[in-house]
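Each remark here refers to the structure printed beneath this line.
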Number of protein chains: 2
Amino acid sequence: MVTNGDRTGKTAPPGNRRGDLFDPACPTRRLLDRIGGKWTSMLVKTLADVDGEVRFSELQRRARGISRKMLAQTLRDLEADGLVARHVEPTVPPAVRYSLTPLGRSLVVPLDALRDWAETHMPTVDAHRAAGAGS
Amino acid sequence: MVTNGDRTGKTAPPGNRRGDLFDPACPTRRLLDRIGGKWTSMLVKTLADVDGEVRFSELQRRARGISRKMLAQTLRDLEADGLVARHVEPTVPPAVRYSLTPLGRSLVVPLDALRDWAETHMPTVDAHRAAGAGS
DNA sequence: CCGAATCCAAATTGATACTG
DNA sequence: CAGTATCAATTTGGATTCGG
């Protein structure tokens, strides 16, 4: 593990804070804040699933339970991050399509690792909670 | 409840198609809800770092910024999940030590994948936000 | 059809103080 | 030392409504 705390005491350049998880500027912490959002990772995965452009309304159809507000908000956030591309068709009525950027697609890899762990181990977690519930 | 209640065996269909992410019962969604918590993943990684037993107060020292309340709460949650083991020494004053269970250690793997992505790509994300900030 | 703005309810978090 | 209880502030998500 890279856990040597060789901090110089001065502000380190971005990308060099590997051992400093509790620093709010730590990239890992910021990433977790982001994908920890209720809809972010679901949207990324949905976009990865279709592997192409999706319209706003179809996205909302696929993401059952999401409100227009949260869909738009999450999408704007993802776009600002460079994870999602937004393409506006200048028609009437307007047609807007979203897709994953290469950067966004690269995020799917670690997200899949997480999904893999969840599929494998969450039943164990559930069993543990059920067993120790009354403790 | 899920209609797919077959938890005793492998239910993954052929290909990549797995559980419905938008189902609140989906394990991946539940895992993300959990590690999306502000302190959960930080604590798991801290415990993985020491690779042994840690006392409550030392944990609080390492996890700069966490309050006793949140530390205790997150720890209790992790323990109920079977990710963390709690060992009480019946002395006066009491000494309690925490450690990662094997299950908890296994979670470190996908968490590290996430960290890896963050270290590599968050600077790009930042650059993108900075570039398109004023829009 | 897309999405921004407003208002509001609910879940999280934190500061502080108290207990065994 | 290792928690727990209570209260308040902040954040988050959702319903509705209005505009392009």
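Chain A is the first sequence line, chain B the second, and so forth, proteins listed ahead of strands; every chain is numbered from 1. All of these numbers come straight from a predicted model, not from anything done at the bench. Values below: all heavy atoms of this structure, side chains included; hydrogens, waters and symmetry mates excluded.
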Return the value, rounded to whole Å, for the distance between atom [atom1] of [X] and atom [atom2] of [N].
{"X": "B:Arg68", "N": "D:dT6", "atom1": "CZ", "atom2": "P", "value": "17 Å"}
{"X": "A:Lys38", "N": "C:dA11", "atom1": "NZ", "atom2": "P", "value": "10 Å"}
{"X": "B:Asp33", "N": "C:dT12", "atom1": "CG", "atom2": "P", "value": "9 Å"}
{"X": "B:Gln60", "N": "C:dA15", "atom1": "CD", "atom2": "C1'", "value": "13 Å"}
{"X": "A:Asp77", "N": "D:dG13", "atom1": "CG", "atom2": "P", "value": "10 Å"}
{"X": "B:Leu59", "N": "D:dC1", "atom1": "CG", "atom2": "C1'", "value": "14 Å"}
{"X": "B:His87", "N": "D:dG3", "atom1": "NE2", "atom2": "P", "value": "13 Å"}
{"X": "B:Phe22", "N": "D:dG13", "atom1": "CZ", "atom2": "C1'", "value": "16 Å"}

Whether A:Ser57 contacts C:dC2 is assessed here as follows: a side-chain N or O lying under 4.0 Å from the phosphate OP1 or OP2. Is that the case? yes

Check whether any side-chain N or O of B:Arg55 sits under 4.0 Å from OP1 or OP2 of D:dA2, and answer yes or no. yes

Minimal heavy-atom distance between A:Leu103 and A:Asp81, with the atoms involved, is CD2-O, 4.0 Å

Report task. Answer with base, sugar-phosphate or nothing: what part of the nucleic acid does B:Arg76 contact at a heavy-atom distance below 4.0 Å? Result -> sugar-phosphate

Please work out if A:Arg86 contacts a base, only the sugar-phosphate, or nothing of the nucleic acid, heavy-atom cut-off 4.0 Å. sugar-phosphate

Nearest-nucleotide check on DNA chain C, A:Gln73 vs B:Gly37; residue mapping nearer the 5' end is A:Gln73

When A:Ser67 and B:Lys69 are each assigned the nearest nucleotide of DNA chain D, the 5'-most assignment goes to B:Lys69

Nearest-nucleotide check on DNA chain D, A:Pro93 vs A:Ile66; residue mapping nearer the 5' end is A:Ile66

Counting heavy atoms from C-beta on, name the nucleotide in [options] closest to the side chain of [X].
{"X": "B:Pro94", "options": "D:dG3, D:dC1, C:dT13", "result": "D:dC1"}
{"X": "B:Tyr98", "options": "C:dG3, C:dC2, D:dG3", "result": "D:dG3"}
{"X": "A:Met70", "options": "D:dG3, D:dG14, C:dC2", "result": "D:dG14"}

Those residues at least two apart in sequence (or on a different chain) that pass salt bridge (Lys or Arg N to Asp or Glu O under 4.0 Å) with A:Arg30 are B:Asp126

Axis-to-axis angle for the helix from C:dC1-D:dG20 to C:dG20-D:dC1, ends of five pairs each, to 10°, equals 30°

When rounded to the nearest 0.5 Å, the distance separating CE of A:Met70 from OG1 of A:Thr40 is 8.0 Å

Interatomic distance, OH@B:Tyr98 vs CG@B:Leu75, rounded to 0.5 Å, equals 4.5 Å

Notebook entry, point to check: So does B:Glu58 pair up with B:Arg62, basic N to acidic O under 4.0 Å?
Noted result: yes

Requested in this report: Give the cluster check for A:Val50 versus A:Met42: same hydrophobic cluster or not, with ILVMFWY residues linked at side-chain heavy-atom distances below 4.5 Å.
Outcome: yes

*asked:* Please tell me whether B:Val54 and B:Val88 are part of a single hydrophobic cluster in this structure, the criterion being side-chain heavy atoms less than 4.5 Å apart.
replied: yes

- Main-chain N/O of B:Ala95 paired with B:Arg55 side-chain donor or acceptor, under 3.5 Å: no

